[in-house]
Amino acid sequence: MTVLAHAAVHPGSVLDLHPLSSALGTEVVGLDLSKPVAEPLIEAVRMALDESGLLLFRGQRLKADAQVAISRRFGRLQEVAQKQYQLKGQPLIYVIGNVEEDGRPIGDPSVGRLWHSDQSFLPHPAIGSLLYGVQCPPEGAATLFANMYAAYEALPPQMRTLVGRLHAVHSFSEYYEELRHRDPTQPALTQERRALYPDVIHPLVRQNPQTGRKALYINPGYAVSIQEMPGTTGARLLRDLCDHATREEFVYAHRWQDGDVLFWDNLAVNHKGTSFDSARYVRRMHRTTVAGSAAIYAASMVG
Ligand code: SIN
């Protein structure tokens with residue numbers, strides 16, 4: 001069993017940590033997220049997340065309020081843009097999947113089928129997301145994660161210098177139109193929602209505020225163009241960088257079991273959902289989203 005030494009920094013904060021794959025991810029064994037967790041252990045979880053970008057906790061049983069309570073230990077929670085899929089009675093939980101109640105879909109059936117980083121369309125994007133597998137199909141529906149630190153570090157030095165000077169436009173409305181193109185059952189975007197989420201600009205490289213490690217911060221879901229390179233040159237660079245970031249050696253595919261909780265850092269990883277046989281299986285996932293802030297965003301700026 002691998003127990004990483006860094007978690008022993010604070011007395012009483014030792015976590016049992018095991019690598020999930022050669023690309024990224026760490027499993028945290030033996031922590032029950034439904035019970036009160038002491039602050040030194042929460043601090044150790046934060047440190048593990050800073051190092052690894054993705055944490056797995058297996059065998060959890062989380063009622064909605066317990067999920068909200070443990071998620072809150074890592075920051076202020078944020079409601080998602082897709083209000084129609086908030087859990088009844090607990091709007092901080094975003095229901096994902098083909099689940100129905102009283103003959104009505106209550107989960108977002110087609111979220112995240114493009115590589116993305118949660119809420120990169122906001123001026124201060126979400127820092128973390130915690131996804132709980134309530135009911136998971138026995139096949140399909142893996143969630144893929146790409147290590148954006150490793151993707152940045154693998155770029156040739158001149159390319160690292162170039163991308164360090166560039167900014168991308170991130171667009172909720174273009175993402176949504178692409179989603180509707182793939183799933184025409186989704187309602188059209190109202191003017192009101194379009195106005196709520198205007199396009200935003202982010203640098204192509206951000207750093208972890210604690211470790212200073214740099215990550216490539218682009219994703220094909222929301223990043224639509226490069227500000228300093230209009231036209232095909234920028235479009236090609238963006239596409240090449242996104243392709244580079246999803247090379248096999250940077251990607252981990254999580255095959256869900258009921259009770260799995262994944263907690264990821266949206267600066268460190270991009271992620272993407274995959275399909276499953278929705279005529280045969282029900283999938284129900286509950287996500288909470290830890291909000292960013294102006295201060296966290298400023299601390300992630302390089303230079
Ligand atoms: C997400 O994009 O937050 C969800 C991914 C998934 O459903 O696998």
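Ligands are counted one by one from 1 in listed order, and the atoms in each one are counted from 1 as well.
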N/O to N/O under 3.5 Å, ligand 1 against protein:
residue, atom, partner, partner atom, Å
ligand 1, 2 (O), His116, NE2, 3.1
ligand 1, 2 (O), His271, NE2, 3.1
ligand 1, 3 (O), His271, NE2, 3.4
ligand 1, 3 (O), Arg287, NH1, 2.9
ligand 1, 7 (O), Arg283, NH1, 2.9
ligand 1, 7 (O), Arg283, NH2, 3.4
ligand 1, 8 (O), Thr143, OG1, 2.6
ligand 1, 8 (O), Arg283, NH2, 3.0

Legend entry - Test item: Arg206 side-chain N/O and Ala215 main-chain N/O as donor-acceptor pair under 3.5 Å: no

Determine whether the aromatic ring centres of residues [Y] and [X] are separated by less than 6.0 angstrom.
X: Tyr197; Y: Phe121; answer: yes
X: His244; Y: Phe250; answer: yes
X: Phe263; Y: Phe74; answer: yes

Inset, instruction - Please list all pairs passing the salt bridge (charged side-chain N to carboxylate O under 4.0 Å, His left out) test where one or both residues lie in residues 131-144, with sequence neighbours left out. - result: Glu139-Arg280

Legend entry - NZ/NE/NH1/NH2 to OD/OE distance under 4.0 Å, Glu51 and Arg213: no

